[in-house]
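Have a look at the structure below before the remarks.
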Amino acid sequence: MNELDISSIRGEFPALAGNTVFLDNAGGSQVLRRVADRVRDYLLGSSVQLGASYSASQTASEKVLAARRAVAALVNAPNDESVVMGGATTALMFMLTQALLAGIRPGDEIIVTDTDHEANIGGWSRLQQAGAVLKIWQVDRDSLTLELSDLDRLLSPRTKWLAMTWASNVLGTVNPVHEVAQRVHAAGGRVCVDAVAYAPHRLVDVQASGADVVVFSFYKVFGPHYAVMWVQHDLLLSLPSLNHYFIGKDVLPYKLQPGNVNYELSYGCIGIHDYLCDTGSALGASGTPRQRMQAAFDAFERHEDALAERLLSWLRGKKGVRVIGHASAAAGPRVPTISFTVAGQAPEKIVRHVDSHGIGIRHGDFYARRLIEALGLHTQGGVVRVSMAHYNTAAEIDRLILALDEAVA
């Protein structure tokens, strides 16, 4: 199998032709040219309402349906009707929990973690208005992981849902979602997984995950500011419609898409699927589109691990630096989202120094505020976060290290 042709890869992303080094990819990745081209083409050639009998409307309807099918293939959904699309992960999560509200009974238990982005906590917490009991699966302060033994103590016959992140957007840790799902299902509950920080680095497989709901945003995965939520088919059928009163609960996925999807952004997402397939083919992979996408992500992982270790090795050698998460790429499953603090220095000051070098990184809590507070990092302004993508280069990491070396000296 060939290795990534980084020059060719970077040519797919017009923004990378400039001088800025983009290392805030967990906040939002760069956008593929082919995604933007599809958005433009739809707006300029297919911008009509769907569902009419005239040919232009029929063509537009076919394009939007093709987009849904491409996204279903991307996440390995067995049925594209289970693919709900919307403006952002946060919006989709509120949509889901609103649909679940009517089925909540007093005493139903919902487990959330204190490592998640608030998108996968806030909506669930609102179910307390119906009598749900919110339980917190807390990160272990020493290992900085979610320990399964702690989960076992939280599970009970009243467990209705567990919501968790597949990969932390601060720690970078990849969580054992499948094993968690098995335990929760054995207790009679369901699982909702936030894959926002995972999907840019690993090929999402909703079936293999064991989860009942998986959600993530395309703007973290080389696409437009848009999102997808896969819901297990029988579960989706059971939910009430949140659309107009005459849109029944059997109208999938429209019943959870009030106002319908964004047509042009949906169509643009086909470009993500095609890029991954083409990248896998360029690496020498053959077979199904999914096999080619998997080859692409395998290569992404190897490249990103090397970049992450390049930075982590430097951080480990600096006095006063604390890596918040696994301190090496080999210490445990992680994505190349690396957070750290420096004794006696505010994260914002470090980031602003790096800004002056034309390098984009970030500081703060990244909406994982409960985690930052649990670790006692909120009083100093959170953490410095460097988040890489497969299109970053070793030279860019070296350029960052030089800037950081000045900032933390």
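Computed from a predicted model, the values in this text were never measured in an experiment.
- Side-chain contact annotation: Ser143 with Asp140, donor-acceptor N/O pair under 3.5 Å present.
- The environment of Tyr254 atom OH is dense: over 12 non-hydrogen atoms of other residues, nucleotides or ligands sit within 6.0 angstrom.
- Looking at Asp305 and Arg334, no side-chain N of the basic residue comes within less than 4.0 Å of a carboxylate O on the acidic one, giving no salt bridge.
- In this structure a side-chain-to-backbone donor-acceptor pair under 3.5 Å is present from Asp114 to Val139.
- The ring-ring contact (aromatic ring centres under 6.0 Å, His included) test applied to His201 returns no partner, not counting sequence neighbours.
- Here Leu100 contributes atom CG and Arg126 contributes atom CZ; the two are 14.5 Å apart, rounded to the nearest 0.5 Å.
- Without hydrogens or angle criteria, Glu179 side chain to Pro176 main chain gives no donor-acceptor distance under 3.5 Å.
- Note on ring orientation: taking the six-membered ring where Trp is involved, the planes of Phe300 and Phe222 are perpendicular (angle over 60°, cut-offs 30° and 60°).
- Thr337 places no side-chain N or O within donor-acceptor distance of the main-chain N or O of Gly172, the cut-off being under 3.5 Å.
- Counting heavy atoms from C-beta outward, Arg290 and Asn76 have side chains that approach closer than 4.5 Å.
- Every pair passing ring pair (Phe, Tyr, Trp, His ring centres under 6.0 Å) that includes a residue from residues 269-294 is listed here, sequence neighbours excluded: Phe13-Tyr275, Tyr275-His390.
- A donor-acceptor pair is defined here as one N or O able to donate and one able to accept, closer than 3.5 Å; such a pair exists between the side chain of Asp205 and the backbone of Gln207.
- Ring geometry for His353 versus His357: interplanar angle of 30 to 60°, hence tilted.
- Tested against Asp274 for a salt bridge (Lys or Arg N to Asp or Glu O under 4.0 Å), the candidates Arg38, Arg292, Arg34, Arg33 yield a single pass: Arg38.
- To the nearest 0.5 Å, atom CD1 of residue Ile110 and atom CD1 of residue Ile121 are 12.5 Å apart.
- No donor-acceptor distance shorter than 3.5 angstrom exists from the side chain of Ser313 to the backbone of Arg310, with no hydrogens or angles considered.
- Atom CZ in Arg183 sits 6.5 Å away from atom CG in Leu151 (nearest 0.5 Å).
- Counting heavy-atom neighbours within 6.0 Å of Arg202 CZ, excluding the residue itself, gives a total above 12.
- Taking OG from Ser168 and CZ from Phe366, the interatomic distance works out to 10.5 Å, rounded to the nearest 0.5 Å.
- Distance alone, capped at 3.5 Å, is enough to place a donor-acceptor pair between the His185 side chain and the Ala181 backbone.
- Test Val214, Leu96, Asp212 against Cys192 for side-chain contact (heavy atoms from CB on, under 4.5 Å) and you get one pass: Leu96.
- Applying the ring pair (Phe, Tyr, Trp, His ring centres under 6.0 Å) test to every pair with at least one member in residues 78-102, sequence neighbours left out, gives no pairs at all.
- A salt bridge between Glu396 and Arg10 is present, with a side-chain N of the basic residue lying under 4.0 Å from a carboxylate O of the acidic one.
- Under the 3.5 Å distance criterion, the side-chain polar atoms of Lys160 are left unmatched by any main-chain donor or acceptor of Ile111.
- The minimum heavy-atom distance between Ala163 and Trp124, with the atom names listed, is CB-NE1, 3.3 Å.
- Annotation: side chain of Arg68 is in contact with side chain of Glu81 (closest heavy-atom distance under 4.5 Å).
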- Message: Let's go through Arg370 and Asp365 carefully: what are the C-alpha distance in whole Å and the side-chain angles of both, what is the deciding distance for salt bridge (Lys or Arg N to Asp or Glu O under 4.0 Å) to 0.1 Å, and is it a yes or a no?
- Response: CA-CA 9 Å; Arg370 296 168 198 252; Asp365 60 35; over 6 Å; no

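- Expressed to the nearest 0.5 Å, how far CG of Asp194 lies from OG1 of Thr90 amounts to 8.5 Å.
- Under the side chain to side chain donor-acceptor pair (under 3.5 Å) criterion, the residue pairs touching residues 343-352 are Glu348-Arg352, with sequence neighbours excluded.
- Of the possible polar contacts, none joining the Gln58 side chain to the Gly51 backbone as a donor-acceptor pair under 3.5 Å is found.
- Checked by atom type, the side-chain pair Lys63/Ser46 shows a donor-acceptor distance below 3.5 Å.
- For residues 91-112, the pairs satisfying side chain to side chain donor-acceptor pair (under 3.5 Å) are Glu109-Lys135, Glu109-Ser156, with sequence neighbours left out.
- Under the 3.5 Å distance criterion, the side-chain polar atoms of Arg362 are left unmatched by any main-chain donor or acceptor of Val384.
- With values rounded to the nearest 0.5 angstrom, Lys249 atom NZ is found 11.0 Å from Leu256 atom CG.
- Between Arg69 and Glu62, no side-chain nitrogen of the basic residue sits less than 4.0 Å from a carboxylate oxygen of the acidic one, so the salt-bridge criterion is not met.
- Take Arg153 and apply the salt bridge (charged side-chain N to carboxylate O under 4.0 Å, His left out) test, not counting sequence neighbours, and it matches Asp150.
- Without hydrogens or angle criteria, Asp80 side chain to Ala72 main chain gives no donor-acceptor distance under 3.5 Å.
- For the pair Arg302 and Glu3, the salt-bridge criterion is met [side-chain N within less than 4.0 Å of a carboxylate O].
- Residues Val174 and Tyr198 have side chains in contact (heavy-atom distance under 4.5 Å, counting atoms from C-beta outward).
- Using a 3.5 Å distance cut-off with no hydrogens or angles, the side chains of Asn25 and Asn392 do pair a donor with an acceptor.
- For the residue pair Ser281 and Asp278, no side-chain donor N or O sits within less than 3.5 Å of a side-chain acceptor on the partner.
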